[in-house]
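Just so it is clear: chains get the letters A, B, ... in the order the sequence lines come, proteins before strands, and each one is counted from 1.
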There are 2 protein chains.
Amino acid sequence: MSILSKGKTKINKHSITRADNQEKILKAAREEFISQGYKGASVQSIADKVELPKANILYYFDNKEKLYLAVLEQTLDMWDKEIDHIDVNGDPKDAIEKFVAGKVRMSFKEPNASKIYALEIIQGSQHLKEYTRTYLRAWVREKAKIFQHWIDQGKMADIDPVKLIFLIWSSTQHYADFESQILTIMNRAEYEESDVIEVTEFLTDFILRGCKLK
Amino acid sequence: MSILSKGKTKINKHSITRADNQEKILKAAREEFISQGYKGASVQSIADKVELPKANILYYFDNKEKLYLAVLEQTLDMWDKEIDHIDVNGDPKDAIEKFVAGKVRMSFKEPNASKIYALEIIQGSQHLKEYTRTYLRAWVREKAKIFQHWIDQGKMADIDPVKLIFLIWSSTQHYADFESQILTIMNRAEYEESDVIEVTEFLTDFILRGCKLK
DNA sequence: GTCTATAACCAGATAGAC
DNA sequence: GTCTATCTGGTTATAGAC
């Protein structure tokens with residue numbers, strides 16, 4: 001079930017090709033919305049990419065705005081599945097290692113998920129205010145509480161847990177969002193598997209030290 | 001002189017009001033380009049904000065694309081002035097403290113400069129490829145060399161200097177780019193002066209520890 | 001359900017008066 | 001230099017054939 005809406009998806013004999021088409025459309029739409037922006041994205045151009053008539057796209061998703069919302073929703077669902085759960089019963093070193101590694105892997109494997117989300121937030125979170133106010137705020141407070149618990153037990157440095165979460169988010173997502181800049185600076189055409197490993201090692205190491213866990 | 005172009009600006013008796021108008025237009029345009037995206041931004045809406053006829057804006061900047069480029073250029077110039085110089089003769093602790101503090105101050109004082117830049121990079125750096133390939137790449141390599149020098153002297157932890165620079169960029173700019181998300185999560189309407197101080201303290205402290213400088 | 005053709009709209013750019 | 005009025009092109013969305 002989705003995070004943004006609670007609607008049910010009907011399954012009938014047509015739904016296989018339709019679901020298949022919808023997947024392809026969402027992927028193409030995400031690329032188009034990222035490179036051209038919301039207004040700059042044209043439904044025609046998305047239709048061309050998936051080789052379907054423009055009217056079909058609008059038939060599936062009603063209009064451009066709903067298509068964009070579907071892209072955002074799919075992104076949030078993807079993240080929700082992927083984000084490692086920080087368990088109060090574990091120890092902080094283990095939790096941070098898993099959290100950082102998960103976020104780095106996600107940034108390299110699905111950079112577009114991070115990008116479309118970043119674009120939306122930078123432009124003012126118009127479509128995600130409610131999601132942020134309810135779901136994300138609760139998530140941050142819950143995790144911050146766990147970190148604070150560990151701090152109170154003297155298990156890690158006495159630092160602001162919320163700022164720690166922001167630092168982990170930003171430093172990991174940077175490799176997705178600023179991909180084009182990083183590749184150009186390093187004079188490379190694309191990321192390699194070794195980059196994922198090196199960045200994970202660097203960030204876990206650095207952040208653990210910042211938390212006095214190493 | 002600007003980073004992107006090397007053109008000269010003529011100064012005559014009309015240039016005072018013209019320069020004044022251009023400043024206002026660029027500020028309004030930056031806001032419009034951020035909230036609406038490049039294609040979504042309308043010259044009419046920028047004209048309305050500065051209370052000038054649309055044709056005047058186009059007369060000043062020739063066309064929408066050149067106006068956007070002027071906004072980017074102004075942003076880069078602003079950053080260039082602001083970014084603290086890391087001096088090879090100084091010590092790493094001092095350099096990082098100044099660098100982090102400068103970036104945090106800039107993020108809180110001029111969030112829109114960071115936002116318009118982030119939007120451009122996330123969307124593929126189309127207009128900044130050349131700037132990144134030449135100017136920014138050289139800047140990163142030069143600073144990385146200085147860090148490496150300090151590492152070789154055993155003055156700080158043996159970590160990848162380029163990844164350290166990326167971490168400082170991302171963790172500081174996050175407070176500008178993700179402003180809307182951070183404020184919503186913390187249930188606040190806007191940043192306060194105390195936030196600048198707290199974030200600066202948190203980040204310098206954390207990063208210095210990551211570099212084994214504390 | 002699918003697709004073609006078209007309506008209705010809006011934006012950038014410019015011609016030309018002042 | 002400044003501004004009004006207009007042209008032109010491209011977009012979403014829909015009506016209606018298949």
Side-chain angles (χ1 to χ4, degrees), chain A residues 7-26 28-72 119 123 126-127, chain B residues 7-26 28-72 116 119-120 123 126-127:
Chain A
K8 282 177 192 166
T9 309
K10 261 190 241 163
I11 293 169
N12 57 40
K13 56 183 172 177
H14 293 292
S15 63
I16 291 149
T17 75
R18 188 169 168 151
D20 202 51
N21 275 346
Q22 292 211 2
E23 275 298 310
K24 284 197 304 183
I25 294 167
L26 286 174
R30 193 165 55 205
E31 285 168 15
E32 175 78 1
F33 281 126
I34 289 170
S35 66
Q36 308 300 316
Y38 175 75
K39 193 67 182 274
S42 103
V43 178
Q44 183 63 64
S45 149
I46 295 165
D48 292 347
K49 278 190 201 171
V50 295
E51 289 176 308
L52 282 171
K54 181 178 69 164
N56 286 31
I57 315 276
L58 291 168
Y59 174 72
Y60 285 144
F61 292 93
D62 288 5
N63 56 44
K64 186 180 172 178
E65 168 142 37
K66 286 192 186 168
L67 172 57
Y68 175 69
L69 285 173
V71 168
L72 274 188
L119 288 176
Q123 297 197 294
Q126 287 174 328
H127 303 89
Chain B
K8 280 176 194 170
T9 309
K10 263 190 238 165
I11 292 169
N12 58 41
K13 56 182 171 177
H14 293 293
S15 63
I16 290 149
T17 75
R18 186 168 169 149
D20 201 50
N21 274 346
Q22 293 213 1
E23 275 298 311
K24 285 197 303 181
I25 294 167
L26 286 174
R30 195 165 53 203
E31 284 166 15
E32 175 79 1
F33 282 126
I34 289 170
S35 67
Q36 308 299 320
Y38 175 75
K39 194 66 184 276
S42 103
V43 177
Q44 183 64 62
S45 152
I46 295 165
D48 291 347
K49 278 190 201 171
V50 295
E51 289 175 308
L52 282 170
K54 181 177 71 164
N56 286 32
I57 315 276
L58 292 167
Y59 174 73
Y60 285 145
F61 292 93
D62 289 4
N63 56 43
K64 188 179 171 178
E65 167 142 37
K66 286 192 187 168
L67 171 58
Y68 175 69
L69 285 173
V71 168
L72 274 188
I116 193 95
L119 288 177
E120 171 66 23
Q123 297 198 289
Q126 287 174 330
H127 303 89

I'd like a table of donor-acceptor pairs (distance under 3.5 Å, sequence neighbours excluded) in which one partner is a side-chain atom from residues 39-46 of chain B, with atom names and distances.
unit_1 : atom_1 : unit_2 : atom_2 : d
B:S42  : OG     : B:Q44  : N      : 3.4
B:S42  : OG     : B:S45  : N      : 2.9
B:Q44  : NE2    : B:D48  : OD1    : 3.1
B:S45  : OG     : B:E32  : OE1    : 3.0
B:S45  : OG     : B:E32  : OE2    : 3.2

Query raised in the report: Looking only at side-chain N and O atoms, does B:Y59 come under 4.0 Å of OP1 or OP2 in D:dG1?
Result: yes

Report task. Indicate whether OP1 or OP2 belonging to C:dT2 is found under 4.0 Å from a side-chain N or O atom of A:Y60. Result -> yes

Requested in this report: Please list, chain by chain and in numerical order, all residues satisfying side chain to side chain contact (heavy atoms under 4.5 Å, CB included) with B:Q123, sequence neighbours excluded.
Outcome: A:L119

Starting at [atom1] of [X] and ending at [atom2] of [N], how long is that distance when rounded to a whole Å?
| X | N | atom1 | atom2 | result |
| --- | --- | --- | --- | --- |
| A:K66 | D:dA13 | NZ | P | 10 Å |
| A:I46 | D:dT11 | CD1 | C1' | 12 Å |
| A:L58 | D:dA15 | CG | P | 13 Å |
| A:K64 | D:dT11 | NZ | P | 9 Å |
| A:D62 | D:dT14 | CG | C1' | 13 Å |
| B:D20 | D:dG1 | CG | P | 15 Å |

**Report entry** Contact residues, residues 33-45 of chain A to DNA chain D [heavy atom, < 4.0 Å]
**Finding:**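 Residues of residues 33-45 of chain A under 4.0 Å from DNA chain D: A:A41, A:S42, A:V43.
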
Requested in this report: Enumerate the residues from residues 47-57 of chain B whose closest heavy atom to DNA chain D is under 4.0 Å, giving them by residue number; use none for an empty result.
Outcome: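 Contacts with DNA chain D under 4.0 Å: B:P53, B:A55, B:N56.
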
Requested in this report: Output yes when a side-chain donor or acceptor of B:Q126 lies under 3.5 Å from a complementary backbone atom of B:E120, and no otherwise.
Outcome: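 Not a single qualifying donor-acceptor pair exists.
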
Query raised in the report: Under the side-chain contact (heavy atoms from CB on, under 4.5 Å) criterion, do A:I25 and A:N56 qualify, and how do the steps go?
Result: CA-CA 10 Å; A:I25 294 167; A:N56 286 31; over 6 Å; no

Requested in this report: Please report the shortest heavy-atom distance between B:A47 and B:P53, naming the atom on each side.
Outcome: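 Answer, listing the atom of B:A47 first, then B:P53: CB-C, 4.0 Å.
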
Query raised in the report: Taking side chain as C-beta onward, heavy atoms only, is A:K24 less than 4.5 Å from A:N21?
Result: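 When only atoms from C-beta onward are counted, A:N21 and A:K24 do touch, with a gap below 4.5 Å.
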
Query raised in the report: Who pairs with B:F61 by ring-ring contact (aromatic ring centres under 6.0 Å, His included), at least two apart in sequence or on another chain?
Result: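 Result, ring-ring contact (aromatic ring centres under 6.0 Å, His included) vs B:F61: none returned.
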
Report task. Measure up the B:H127 and B:Y68 rings against each other and bin them: parallel (under 30°), tilted (30 to 60°), perpendicular (over 60°). Result ->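 Perpendicular: the ring planes of B:H127 and B:Y68 meet at over 60°.
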
Query - Pairs touching residues 59-70 of chain B that satisfy salt bridge (Lys or Arg N to Asp or Glu O under 4.0 Å), sequence neighbours left out - result: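 Found B:D62-B:K66.
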
